[in-house]
Amino acid sequence: MSSDAPPIVLTFGLSDPTGASGLQADLLTLASIGCHGVSVLTGYAVRDSAAAGDVTGLDPEAVASQARMLLEDMPVAAFKVGATTRAEIVSAIAEVVADYDDLPLILVPDFTLDEQHMLAGDELRESIAELLAPQTTLLIADPATLVQLAQPDSEADPIMLDGAIAHLLGQGCEYVLCTDARPSQLLNTLFSEEGQIRQDAWDRGGERLIGLADTLGAAITALLANGQDPGEAVREAQEYVHQAIRHAYRPGMGGYLLDRFFWARTTDEGQSPPAAEPNTPAGVLRH
């Protein structure tokens with residue numbers, strides 16, 4: 001029996017009973033890219049693939065206690081923080097990860113659940129902006145969320161996207177990945193304090209996809225845990241997500257779920273797919 005463990009990633013987020021997003025989606029993505037995922041629940045959603053219902057947050061002390069137990073037991077290589085429900089939970093997470101500031105932290109804030117159930121108020125946005133974003137290696141968000149984080153007071157005059165990104169980078173965030181999901185295209189732009197690093201455009205169908213941001217964030221976290229630098233991890237994670245979208249399926253009456261194990265499926269002829277190249281996410285897993 002081997003004693004060599006794969007890289008361990010600790011992910012914080014909501015439980016999604018459909019497996020489309022949240023912790024369930026993170027664990028699938030992390031496993032697909034050769035990591036062992038451990039998880040800390042911030043809350044749980046009532047939903048199916050068509051619609052989202054109530055969201056219930058957990059006690060902040062329970063969130064912090066579970067994280068610390070895991071961290072005292074296992075050598076975690078990276079953190080991912082997804083949806084939170086209350087400012088107190090953000091504060092608890094921020095206090096935990098501050099003790100491990102040498103580890104990559106990927107932040108994927110989610111202020112809505114499938115664009116239906118609002119999770120955010122000014123207090124939640126402020127806590128993320130003040131406590132978590134300054135500790136973040138890579139912040140992944142769409143333009144509206146970036147502006148909300150840079151100016152969490154909803155009564156203030158809105159600022160432009162460029163100013164929001166510059167503000168977040170100036171507050172301590174190392175990289176910002178702006179994700180712009182358009183009807184037929186995904187446009188992802190990576191920034192650092194030196195300016196724009198790269199921009200990637202990916203074709204997509206018009207279908208409603210669930211869990212896109214969580215999958216991209218978990219894939220980047222897994223690749224960082226496997227030793228890649230941020231720019232390389234961002235590029236390779238996008239290729240992984242692109243393939244997962246190409247193989248997306250519709251298990252219920254709602255949206256499409258990304259196939260995070262697309263590389264393991266058999267072909268139409270019943271043959272296993274060809275082995276991945278070593279520089280692909282599946283290659284990370286297999287090599």
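Only heavy atoms go into these numbers, but all of them, side chains included; no hydrogens, no water, no symmetry mates.
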Indicate yes or no: at least one non-hydrogen side-chain atom of [X] is less than 4.5 angstrom from one of [Y].
{"X": "Leu41", "Y": "Val63", "answer": "no"}
{"X": "Pro7", "Y": "Cys35", "answer": "yes"}
{"X": "Asp99", "Y": "Arg68", "answer": "yes"}
{"X": "Thr221", "Y": "Thr11", "answer": "no"}
{"X": "Thr85", "Y": "Leu14", "answer": "yes"}
{"X": "Ile220", "Y": "Ile140", "answer": "yes"}
{"X": "Ile210", "Y": "Arg208", "answer": "yes"}
{"X": "Thr145", "Y": "Pro109", "answer": "yes"}

Scan side-chain atoms only and decide if [X] and [Y] contain a donor-acceptor pair under the 3.5 Å cut-off.
{"X": "Thr29", "Y": "Arg260", "result": "yes"}
{"X": "Gln185", "Y": "Trp202", "result": "no"}
{"X": "Ser192", "Y": "Glu174", "result": "no"}
{"X": "Thr215", "Y": "Tyr240", "result": "no"}
{"X": "Gln24", "Y": "Asp16", "result": "no"}
{"X": "Gln238", "Y": "Asn188", "result": "yes"}

Once you measure the plane-to-plane angle for Tyr100 and Phe79, does it fall in the parallel (<30°), tilted (30-60°) or perpendicular (>60°) bin?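 Answer is perpendicular, since the angle exceeds 60°.
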Can you tell me how far [atom2] of [Y] sits from [atom1] of [X], rounded to the nearest 0.5 angstrom?
{"X": "Leu28", "Y": "Leu23", "atom1": "CG", "atom2": "CG", "answer": "11.0 Å"}
{"X": "Leu70", "Y": "Ser65", "atom1": "CG", "atom2": "OG", "answer": "11.0 Å"}
{"X": "Leu224", "Y": "Leu138", "atom1": "CG", "atom2": "CG", "answer": "7.5 Å"}

Would Leu190 and Val176 count as a side chain to side chain contact (heavy atoms under 4.5 Å, CB included) if you check the C-alpha gap in whole Å, the side-chain angles of each, and the deciding distance to 0.1 Å? CA-CA 6 Å; Leu190 181 65; Val176 170; over 6 Å; no
Near Arg246 CZ, under 6.0 Å, is it more than 12 heavy atoms from other residues, nucleotides or ligands? no
Single hit among Ile128, Leu131, Val81 for side chain to side chain contact (heavy atoms under 4.5 Å, CB included) with Ile93: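 Running side chain to side chain contact (heavy atoms under 4.5 Å, CB included) over Ile128, Leu131, Val81 with Ile93 returns exactly one hit, Val81.
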